[in-house]
2 protein chains.
Amino acid sequence: MPQTKKIRIDTDQTGQNTVHAPMSAINLNTLKVACSHCNLRELCLPIELTNQELTKLDALVGAGRKIKRGQSLYRSGNPFEAIYAVRTGFFKTDVLLEDGREQVTGFQMAGEIIGLDGICSEVHTCNAIALEDSEVCVIPFAMLEQLQTEIRALQHHIHKVLSREIVRDQSVMMLLGTMRAEERLATFLLNLSQRFAARGYSATEFHLRMTRDEIGSYLGLKLETVSRALSHFHEGGLINVQQKHIRIHDLEGIRKLLSRQASP
Amino acid sequence: MPQTKKIRIDTDQTGQNTVHAPMSAINLNTLKVACSHCNLRELCLPIELTNQELTKLDALVGAGRKIKRGQSLYRSGNPFEAIYAVRTGFFKTDVLLEDGREQVTGFQMAGEIIGLDGICSEVHTCNAIALEDSEVCVIPFAMLEQLQTEIRALQHHIHKVLSREIVRDQSVMMLLGTMRAEERLATFLLNLSQRFAARGYSATEFHLRMTRDEIGSYLGLKLETVSRALSHFHEGGLINVQQKHIRIHDLEGIRKLLSRQASP
DNA sequence: CGCGGGTTTGATAACTTTCAACCTACGTGG
DNA sequence: CCACGTAGGTTGAAAGTTATCAAACCCGCG
C-alpha cells in the first residue's frame with residue numbers, strides 16, 4: 001500500500017486554487033484540457049451551455065493530472081478539495097476497514113466522475129486507484145459550487161450526477177443482497193459491456209483492467225469463485241476467457257442467467 | 001402491493017406547486033410546518049441561515065403529508081417532483097426486480113431525507129413505504145434548486161446530503177460484501193442504536209419497526225438467519241429480544257463482534 | 001530462464017438457505 | 001370480553017452455495 005505523504009501543488013496557471021495531493025501527484029502534469037473541445041462531453045457533461053458558460057467552465061477545469069498504474073488519485077482521509085473526471089484510463093475505488101477487510105466499491109472509466117464521497121465530510125472516505133496509466137480532469141469543488149450559482153443547468157447537472165451515483169449504489173446493493181455468484185458475475189460483465197459500448201468500444205470483446213481478486217471484492221466473492229464462474233461461462237459457450245481478455249459469444253445467454261427466482 | 005393510482009393535489013396555500021402523489025395521498029393533510037421552528041432542524045438542516053433565508057425556506061416547505069402505515073410515499077416509476085424529510089415515523093425504501101427479487105435499500109427515521117434517487121432520471125427508482133403512521137415535509141425539488149441560487153449555504157448543504165447518502169451506501173456495500181450474518185446484524189443494531197440516540201431516544205432499548213423479513217432483505221439474509229442471529233445474541237447475553245422489542249445489554253460486546261478477519 | 005504475480009482447479013469445510021413444523025402475539029368479529 | 005384466524009417469528013434438520021486450503025499452472029518480465 002502506498003503511503004499517504006502529501007505534497008502541495010498549484011493546480012493551474014490561473015492560480016485559482018491549491019490542492020493537497022497524495023504521493024502519486026509526483027507524476028502530475030499540467031495538462032491542457034478544455035471541456036469545450038472534449039469528446040467525452042456527452043458522457044461527462046451532457047447539458048446545453050452557451051459559449052460563454054463553456055469558457056467559464058474551461059477556466060475552472062484548467063488543470064489535468066496523470067496517475068500511473070497502481071498509484072492513487074486520493075486516499076481515504078485526504079482532504080477533499082476537488083472531484084475528478086476520468087479522461088483516459090481506468091480506476092477502482094475501495095474502502096478499507098481497520099481489520100483488513102477491503103471492499104471495492106466501483107470501477108470508473110473515461111467520462112465518469114470520481115470523488116463525490118468527499119463532499120459530505122470534507123474528507124475522502126475511500127481510495128481511488130488507477131488500474132492503468134490514467135489522466136483525470138481536476139475540478140476544484142468550491143469553485144464548481146460558485147459557478148453553479150451562475151449556471152442553473154450546471155447546478156441541476158451536479159445534482160443528477162450525485163443522484164445517479166446513489167441509484168448505481170442501489171443496484172450494487174441489489175446485486176450483493178439478492179444474487180448468487182454467477183448472477184453477480186453476469187451482471188458485472190453486462191454492465192462493463194454496456195459501458196464500453198457507450199464509449200464506442202466493442203460490447204463483446206474487451207480487456208479486464210482489474211484482477212480476479214478485485215472483481216471478487218466488488219462482487220462480494222472470493223477470487224476463486226470468480227474464476228470458477230468465468231470458467232463455467234466459458235464451458236457453457238457463453239464467453240471466451242484468456243486471462244484478462246474477454247470475448248462474449250452469447251450476450252443474450254448471459255442475460256438469461258439473470259431471470260430467475262430470488263435466493264441469497 | 002398497493003397499486004399506483006395517482007391523484008393530483010395542491011401542496012400548499014401559496015399555490016406554489018402541484019405534485020403527483022400515489023394512492024396514499026388520500027390521507028394527505030396540509031400540515032402546518034416550518035423549518036424555522038422545527039426541532040429536527042439540527043438533523044435535517046444543520047446550517048446557519050438568516051431569518052430572511054429561513055422565511056423563504058418556510059414558504060418552500062409549506063406543506064406536509066401524512067402517510068399511514070403500510071402505504072407508500074412514492075413508488076418506483078412515479079415522476080420525481082419533490083424530496084421528503086421525515087418529520088415523524090419510520091420508512092423503508094426498497095427496489096423490486098421483475099423476477100420478484102426485492103432488496104430493502106434503507107430505513108429512514110425522523111430528520112432523514114427520502115427521495116434523492118429520483119433526481120437523476122426525473123423518476124423514482126425505488127419505493128418508499130411507511131412502516132408506521134408517519135409525516136413528511138414535502139420539498140418541491142425544482143423550487144429548492146431555485147432557492148439554492150440565492151442561498152449558497154443551502155446549495156452546499158444539499159450537496160452534502162447527497163454525498164452523505166453515497167457514503168452511507170458505501171458502508172452498506174461493505175456490509176453486504178464482506179461481513180457474515182452475525183456481523184451484519186451487529187452492525188445493523190449498532191447503527192440503529194446510534195441513530196435513536198442522536199434523536200434523544202435510548203441507545204439500548206428500542207422497538208424495531210420492521211419485520212425480520214425486511215431486516216433480512218436489507219442485510220442480504222433470509223429471515224430465518226436474522227432470527228437465529230438474534231437468538232444467538234440473546235443466548236450470549238448481549239441483548240434481550242422480545243418480538244420487536246430490543247434491549248441491548250452489552251453494547252461493547254456487540255462491537256467486538258465486528259473486529260475480526262475478513263471472510264466471504 | 002527462472003521468478004512471481006495472477007489464475008485455475010480440486011477437495012474439503014463452513015456458512016446460509018431451504019423446507020417444514022410449530023409457536024406467539026395481535027386484531028377482528030362474534 | 002373472549003375465541004379464533006393470521007401474520008410474523010422461532011427452531012430443527014438437510015441441502016446447497018461459497019469459502020478455504022492446497023497444489024499446479026500460465027505468462028510477462030527482468
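Small disclaimer: the values here were computed from a predicted structure and weren't measured. A note on names: the letters A, B, ... follow the listed sequences, proteins ahead of strands, and every chain is numbered from 1.
The side-chain contact (heavy atoms from CB on, under 4.5 Å) test applied to B/Val241 returns B/Arg212, B/Leu230, B/His234, B/Ile239, B/Ile246, not counting sequence neighbours. Listed by chain and residue number, B/Arg255 satisfy the salt bridge (Lys or Arg N to Asp or Glu O under 4.0 Å) test with B/Glu252 (two or more places apart in sequence, or in another chain).
Classification of A/Lys92 and A/Glu214 as a salt-bridged pair holds, one side-chain N sitting under 4.0 Å from a carboxylate O. A salt bridge links A/Glu132 with A/Arg209: the distance from a Lys NZ or Arg NE/NH1/NH2 to an Asp or Glu carboxylate oxygen falls below 4.0 Å. A/Glu112 has no carboxylate O lying under 4.0 Å from a charged side-chain N of A/Arg164, or vice versa, which leaves the two without a salt bridge. Residues B/Asp133 and B/Arg69 are not paired through a salt bridge, judged by the lack of any N-O separation under 4.0 Å between the basic side chain and the carboxylate.
Considering only side-chain atoms of A/Val241, the nucleotide from C/dT16, D/dT10, C/dT8 that sits closest is C/dT8.
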Got a list of protein N/O to nucleotides 4-8 of chain D N/O distances below 3.5 Å?
none

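Rounded to a whole Å, the NZ atom of B/Lys222 is 16 Å from the C1' atom of C/dA20. For the pair B/His232 NE2 and D/dT11 P, the computed distance is 12 Å after rounding to whole Å. In this structure, the NE2 atom of B/His245 is 19 Å from the C1' atom of D/dT10, given to the nearest Å. Between the C1' atom of D/dC27 and the NE2 atom of A/His207 lies a distance of 12 Å, rounded to the nearest Å. Atom CD in A/Glu182 sits roughly 16 Å away from atom P in D/dG16 (whole-Å rounding). At whole-Å resolution of the value, CG in B/Leu221 and P in D/dT10 are 14 Å apart. In this structure, CZ of B/Arg209 is placed 19 Å from C1' of D/dG9, rounded to the nearest angstrom. Rounded to whole Å, the distance from CG on B/Leu230 to P on D/dT10 is 7 Å.
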message: Return a single string for nucleotides 9-14 of chain C, one symbol per nucleotide in 5' to 3' order, where B is base contact, S is sugar-phosphate-only contact and - is none, cutoff 4.0 angstrom on heavy atoms.
response: BBB---
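Judged purely by atom type and a 3.5 angstrom limit, A/Thr204 has no side-chain atom pairing as donor or acceptor with the backbone of A/Arg247.
Residue pairs meeting the salt bridge (charged side-chain N to carboxylate O under 4.0 Å, His left out) criterion with at least one member in residues 165-177 of chain B, sequence neighbours excluded, are B/Glu165-B/Arg168.
In this structure, B/Leu131 CG and B/Phe107 CZ are separated by 6.5 Å, a value rounded to the nearest 0.5 Å.
Taking the C1' atoms of five terminal pairs at each end of the helix from C/dC1-D/dG30 to C/dG30-D/dC1, the two resulting helix axes are inclined by 30°, rounded to 10°.
Side-chain polar atoms of B/Ser72 and B/Arg75 form a donor-acceptor pair below 3.5 angstrom.
The aromatic rings of A/Tyr74 and A/Tyr84 lie parallel to each other, their planes meeting at an angle below 30°, with 60° marking the opposite boundary.
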